[in-house]
Protein chains: 2
Amino acid sequence: MAGKTELRRDRLRETLLEIAERRIAENGYRALTARELAAEAGCAVGAIYNIFKDMDALVAAMNTRTGARLERAVAEAFAKNAEAGTPKRQLVLLGRTYLAFVVENPLLWSAIFEQSARLGKEFAEKREAENTRLVGHIVRPLKVLLPGAGEERLALVARALFAAVHGIVSLGFQRRFLAESPKEAEEQIVFIVEAFCDGAALQKG
Amino acid sequence: MAGKTELRRDRLRETLLEIAERRIAENGYRALTARELAAEAGCAVGAIYNIFKDMDALVAAMNTRTGARLERAVAEAFAKNAEAGTPKRQLVLLGRTYLAFVVENPLLWSAIFEQSARLGKEFAEKREAENTRLVGHIVRPLKVLLPGAGEERLALVARALFAAVHGIVSLGFQRRFLAESPKEAEEQIVFIVEAFCDGAALQKG
DNA sequence: TCACAACTTTGAACGACGTTCAAGATGGTT
DNA sequence: AACCATCTTGAACGTCGTTCAAAGTTGTGA
């Protein structure tokens, strides 16, 4: 065992994911077809199905990578500024980081949500772990902002804040596909997050 | 002129939209096929294309109706509570109304955004007028909340607030397709909108 | 070294999709 | 009634994701 076949599989797996990532980054989620993918990878269409259950599984694997990159970007931004700065500044930074990632990877990012929307809840639930990690970064500054709140409350507020920022990014992205308004989206994020922080601080302390 | 053909066209147009609306409400955006639609409407597949340029145009027409219903629901909720209540209460009410509409029309609502996502910016721009009307309802209470702000600033903040609430609804909807969490989504909306209002009021007098 | 069983890879074929368009039915006008 | 314009039809086209019988490889024991 442990022979050529496995090696070829692993290499092909990697190749397929790389091609898929590049194609989607350039032309979007819907522009990826099994035939073109196989042609560029130099394998038969059927070969894809030896490695991935179906095209959705392939895209899901690619989306997991994108999610990991995003999480890394957020973690780094947070690590750089964890000590310095108020919770408010930190939360604004996180929002900005999220937006910056989306501006740089618009089609890869939207592939995540297009697929989730298409495949419904039982699929989206599999991604919950990733989302929880992402939201985890929000919880920390939030703890300082709302010292009285319990874990559950914090998680709810963190999810709400994440969803709010996500909504701004998402609609901003939809309105003008890329060009016109990262600037406005940024203003919106800053306004919402700051107002939220000020208001939340009033409520609890 | 003005004869049978036109009448039949209008009737068929109506029939097609009604069937599409029911089918999507029951089984989702992706479950609508030209063949099934034609079969249920009792016409040939080609007949659909005499009335609509393509299936996207049909769905777009249906989405416009859904948007109009949503706008009406929001307008009514606002009309009932325009006089009484603080801006904060009014904005929370608007958020709740939006959520309630989505809970009652989940698949029709998500058809709007699935299509916009699929067809990209030049399509989404056509829907801008509808969005502006919807956001208009937010501007009014916001004017009271931020008496110093100019029109442009108000529009930006209104869009931000709309996007934030939309994000909460959208992700809440994606996480658990329908069942588990309208309650949590409502809590999140109330929290975000209230905190936002308190914080925003601090910023501007 | 070779034969053989187990496994992998292949690509033509399948069914379903949106869409088209030549041929046939139907409309209003003379 | 005869006619042309217009609408309607559904088989056919190209494309999609996916499958699976056949062909090719691989690793092993005699």
Side-chain angles (χ1 to χ4, degrees), chain A residues 1-17 19-21 23-24 26-63 107 111 114-120 122-123, chain B residues 1-17 19-21 23-24 26-63 111 114-120 123:
Chain A
M1 296 276 173
K4 280 189 195 174
T5 310
E6 246 176 286
L7 218 91
R8 196 168 38 203
R9 263 179 84 94
D10 288 354
R11 256 213 312 268
L12 182 56
R13 195 188 141 90
E14 202 56 33
T15 304
L16 288 174
L17 285 174
I19 295 170
E21 189 162 340
R23 288 190 93 94
I24 290 182
E26 281 167 10
N27 304 110
Y29 172 59
R30 281 191 63 256
L32 184 75
T33 72
R35 274 168 247 263
E36 281 186 351
L37 181 59
E40 187 171 341
C43 68
V45 273
I48 297 170
Y49 293 84
N50 295 330
I51 297 174
F52 297 101
K53 183 182 152 263
D54 52 29
M55 287 295 281
D56 279 325
L58 186 150
V59 174
M62 197 208 63
N63 282 343
L107 295 174
E114 282 188 54
Q115 187 178 41
S116 295
R118 198 164 68 72
L119 299 187
E122 61 278 359
F123 176 83
Chain B
M1 296 279 175
K4 279 191 196 174
T5 310
E6 250 177 284
L7 218 89
R8 196 170 36 202
R9 264 180 83 93
D10 289 354
R11 256 214 311 270
L12 183 56
R13 196 188 139 90
E14 202 56 34
T15 306
L16 288 175
L17 285 174
I19 295 171
E21 189 161 341
R23 287 190 93 94
I24 289 182
E26 281 168 9
N27 302 109
Y29 171 61
R30 283 190 62 256
L32 185 77
T33 72
R35 274 168 246 265
E36 280 186 351
L37 180 61
E40 186 171 342
C43 70
V45 272
I48 297 171
Y49 294 84
N50 296 330
I51 297 173
F52 297 100
K53 182 183 152 265
D54 51 29
M55 287 294 282
D56 279 325
L58 185 152
V59 173
M62 197 208 64
N63 282 343
E114 283 189 53
Q115 188 179 41
S116 295
R118 199 163 70 71
L119 299 186
F123 176 83

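Chain letters run A, B, ... following the sequence lines, proteins first and then strands; every chain starts at 1.
Rounding to whole angstrom units, CZ of residue A/Arg11 and C1' of C/dT9 are separated by 15 Å. Rounded to whole Å, atom C1' of D/dG17 lies 13 Å from atom CG of A/Leu119. As rounded to whole Å, 11 Å separates atom P of C/dT9 from atom CG of A/Leu16. The nearest whole Å value for the distance from the CG atom in B/Leu32 to the C1' atom in C/dG18 is 12 Å. When the P atom of C/dG28 is taken as reference, atom CG of B/Leu7 falls 10 Å away, rounded to whole Å.
The closest side-chain heavy-atom distance from A/Phe52 to A/Arg13 is below 4.5 Å. A 4.5 Å side-chain heavy-atom check between B/Gln115 and B/Asp56 finds at least one atom pair inside the cut-off. You'll find the side chain of A/Leu16 reaches within 4.5 Å of the side chain of A/Leu37, heavy atoms only.
Counting non-hydrogen atoms under 4.0 angstrom, A/Leu58 reaches nothing in the nucleic acid.
Side-chain atoms of B/Glu114 do not come within 3.5 Å of backbone N or O of A/Arg118 as any donor-acceptor pair.
Heavy-atom minimum distance, A/Ala47 versus A/Leu12: CB-CD2, 4.1 Å. In terms of heavy-atom proximity, B/Met55 sits nearest to B/Thr33 at CE-C, 3.9 Å.
Here B/Arg8 reaches the OP1 or OP2 of D/dT8: one of its side-chain N or O atoms lies under 4.0 Å away.
Less than 4.0 Å separates DNA chain D from at least one heavy atom of each of the following residues of residues 35-55 of chain A: A/Arg35, A/Tyr49, A/Asp54, A/Met55.
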